[in-house]
*Asks:* 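Here's a structure for you.
Letters go in sequence order (proteins before strands), and every chain restarts at 1. We use all heavy atoms of the structure for the numbers below, so side chains are in, but hydrogens, waters and symmetry mates are not.
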2 protein chains.
Amino acid sequence: MMRDSKLSGVLHILLHMAEAGRPVTSETLAGAMGTNPVVLRRLLAGLRERGFVRSEKGHGGGWTIACDLSAVTLRDVYEAVGEPTIFAMGNRSEAPGCLVEQAVNGALDDAFDEARTLLLDRFGRVTLAALSADFRERMASRKSRCGFDAGDAA
Amino acid sequence: MMRDSKLSGVLHILLHMAEAGRPVTSETLAGAMGTNPVVLRRLLAGLRERGFVRSEKGHGGGWTIACDLSAVTLRDVYEAVGEPTIFAMGNRSEAPGCLVEQAVNGALDDAFDEARTLLLDRFGRVTLAALSADFRERMASRKSRCGFDAGDAA
DNA sequence: CATCATGTAACATTTAACGTTGCATGATGC
DNA sequence: GCATCATGCAACGTTAAATGTTACATGATG
C-alpha cells in the first residue's frame, strides 16, 4: 500500500465536490474513490474546521465546497489534513550522543529540509482552481468521469 | 518507528568502519548502533556488491572499507541500499481512469519529482570523505564516541 | 417520528520495515 | 583434521502507521 494518500485522496474528493455544485454524501464520495464513508469524514474533518468545506446532516445533506477555489492552495490542503509526514526515510535516533550519528544526521537533515521547502513552496503555488481547470481540460478531450456522475455538470 | 533508516544506518556504519582501519565484525558494528548483526549484513550486502566494502570470514574477519571515501557520494550509497522509497506520501491509485485523479496525480507527481531530483542532486554532492571530515571536526571539540571504540584511531 | 446523513470512538486489517532464529559455508589457528 | 570464528541467507516473528470497519449517538428533513 502507498504510505499515505490523504492529500491525494482529499484533493480528488474536493474536485468532485466542486463539479457537483450541490451537497454530496460521504457515501457517494467514498464510492467514487473506492473507500469507506467514515474514512472520508475523517479526511474532510480538518478541511471543515478551516472552513474549506461544509457538511450538513439530514435529507439532502452532505458535503459542499465553502471556499474560493482560487484562494486555496495544495499547501493549505496539506496542512488541513494534518501535515502528514513527507519523507519515508529518516534517522535512526533523534537525539544521538554519537558524533558519527550527528554528522550523518546533520548532512541528511539539511538535504531533506531543502527538499521539503521546495515541495511545500511548490504546493503553495498550485490552487484548487488550477487543478480544477486542469481537470476540465482533460474532460474536453476525453469523456470518462471515473464512474462518478457529477450531477448537473453534464 | 522511523519509516526507513537504511541510508542513515549504513552511513553511520561506514564512518565507524573508516575510523577503525581494520576489519570490524557485524556483531561489533551492530552493537554500536543498537541493532542486529543480521540486519547489518543485509544492509551492507548491497555495498559489497558495488565494491564499496569488503567482508571476510573466519578469525580476524569482518568488514572493511574498499573504496576511496572521496569518490563515493551519499547518492551512491542510497542506490547501493536499494534506493528506498523517498516519500511517505503518494497517490491512491497508479493507473487511474478517473480524470480528476489524473489531474490531481499529475500535479502532485510533478512536485514530488522536482523535490526528488533536488534531494538526489544534493546527495550526489556529498562524499563520504566530507562526512568523515565533519565527524572529525566534531571529535575535535567533544570527546564521546558513541560507545564504540574505533581501535587504533585514538 | 421515521429516515437520512454526519460525528466519533473503538476495534480490525494490512503492509513494510525491522528483528530473530537456525543452519550452511568458508577461513583461521591449533 | 578439527574446533572456532565470522559471514550468507532463508524463513519466520514483531511492530507501527495507515487504512478499513462496526457500532452507536446526534441532528436535520419531510
*Asks:* Side chain of B:Val38, heavy atoms from C-beta onward: which of D:dC9, D:dA28, C:dG26 has the nearest atom to it?
*Replies:* D:dC9
*Asks:* Could you tell me which non-hydrogen atom of B:Leu119 sits nearest to which non-hydrogen atom of A:Ala115, and how far apart they are?
*Replies:* CD1-CB, 4.0 Å
*Asks:* What integer distance in Å separates A:Leu40:CG from D:dA18:P?
*Replies:*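 Computing the A:Leu40:CG to D:dA18:P distance gives 18 Å.
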*Asks:* I need the NE2-C1' distance between A:His12 and D:dT19, as an integer number of Å.
*Replies:*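 Atom-to-atom, A:His12 to D:dT19, this comes out as 17 Å.
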*Asks:* A:Arg48 has a side chain; which of C:dA27, C:dT8, C:dC18 sits nearest to it?
*Replies:*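 Per side-chain heavy atoms of A:Arg48, the pick is C:dT8.
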*Asks:* Between B:Thr117 and B:Asp113 (side chain of the first, backbone of the second, donor and acceptor by atom type, cut-off under 3.5 Å), is there such a pair?
*Replies:*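 It does hold such a pair.
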*Asks:* On DNA chain D, does the nearest nucleotide to A:Gly34 precede the nearest nucleotide to A:His59 from the 5' side, or the other way round? Give the residue.
*Replies:*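 Result: A:Gly34.
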*Asks:* Using the closest heavy atom to pick a nucleotide of DNA chain C for each, name whichever of A:Pro37 or B:Arg42 lands nearer the 5' end.
*Replies:* A:Pro37
*Asks:* Quick one: A:Ile13 CD1 to D:dT19 P, roughly how many Å, whole number?
*Replies:*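 In whole Å, D:dT19 P and A:Ile13 CD1 are 13 Å from each other.
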*Asks:* Report the residue (A:Lys6 or A:Gly58) whose heavy-atom-nearest nucleotide on DNA chain D is the more 5′ of the two.
*Replies:*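 The residue whose closest nucleotide sits nearer the 5' end is A:Lys6.
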*Asks:* Under 4.0 Å between a side-chain N/O of A:Ser55 and OP1 or OP2 of C:dT6, yes or no?
*Replies:* no
*Asks:* Grab the CG-P distance between A:Leu29 and C:dG7 for me, whole Å please.
*Replies:* 12 Å
*Asks:* Rounded to the nearest angstrom, tell me the gap between atom CG in A:Leu43 and atom P in C:dG7.
*Replies:*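 Nearest whole value for this atom pair: 13 Å.
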*Asks:* Is the backbone of B:Thr73 close enough, under 3.5 Å, to the side chain of B:Tyr78 for a donor and an acceptor to pair up by distance?
*Replies:* no
*Asks:* Just how far, in rounded Å, is P of C:dG7 from CD of A:Glu56?
*Replies:* 11 Å
*Asks:* How many whole angstroms separate atom CG of B:Asp4 from atom C1' of C:dC18?
*Replies:*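 It is 10 Å, rounded to the nearest whole Å.
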*Asks:* Base, sugar-phosphate, or nothing: which does A:Thr35 touch, judged by heavy atoms less than 4.0 Å apart?
*Replies:* sugar-phosphate
*Asks:* Return the value, rounded to whole Å, for the distance between atom CG of B:Asn36 and atom P of C:dG22.
*Replies:*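 Interatomic distance, CG of B:Asn36 to P of C:dG22: 13 Å.
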*Asks:* Partner lookup for D:dA6, please. Criteria are Watson-Crick or G-U wobble with both distances under 3.5 angstrom; report none if nothing qualifies.
*Replies:* C:dT25
*Asks:* Heavy atoms under 4.0 Å, any strand shown: does A:Gly62 hit a base, just sugar-phosphate, or nothing?
*Replies:*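 Counting heavy atoms under 4.0 Å across all strands, the contact made by A:Gly62 is with sugar-phosphate only.
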*Asks:* Tell me whether A:Arg122 is salt-bridged to B:Glu114, with the criterion being a basic N under 4.0 Å from an acidic carboxylate O.
*Replies:* yes
*Asks:* So, does A:Ser5 get its side chain near the phosphate of D:dT19, meaning an N or O under 4.0 Å from OP1 or OP2?
*Replies:*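 Indeed, a polar side-chain atom of A:Ser5 lies that close.
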*Asks:* Is any side-chain N or O of B:Ser26 closer than 4.0 Å to OP1 or OP2 of D:dA6?
*Replies:* no
*Asks:* Is any side-chain nitrogen or oxygen of A:Arg41 closer than 4.0 Å to OP1 or OP2 of C:dG7?
*Replies:*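 No, outside the criterion.
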*Asks:* With a 4.5 Å cut-off on side-chain heavy atoms, are B:Val77 and B:Phe123 touching?
*Replies:*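 No, their side chains stay 4.5 Å or more apart.
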*Asks:* So, under a plain 3.5 Å distance rule, would you say the side chain of A:Lys57 forms a donor-acceptor pair with the base of D:dT29?
*Replies:* no
*Asks:* Please check if any side-chain donor atom of B:Arg41 sits under 3.5 Å from a side-chain acceptor atom of B:Ser26, or the reverse.
*Replies:*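 Judged by distance alone, the side chains do pair up.
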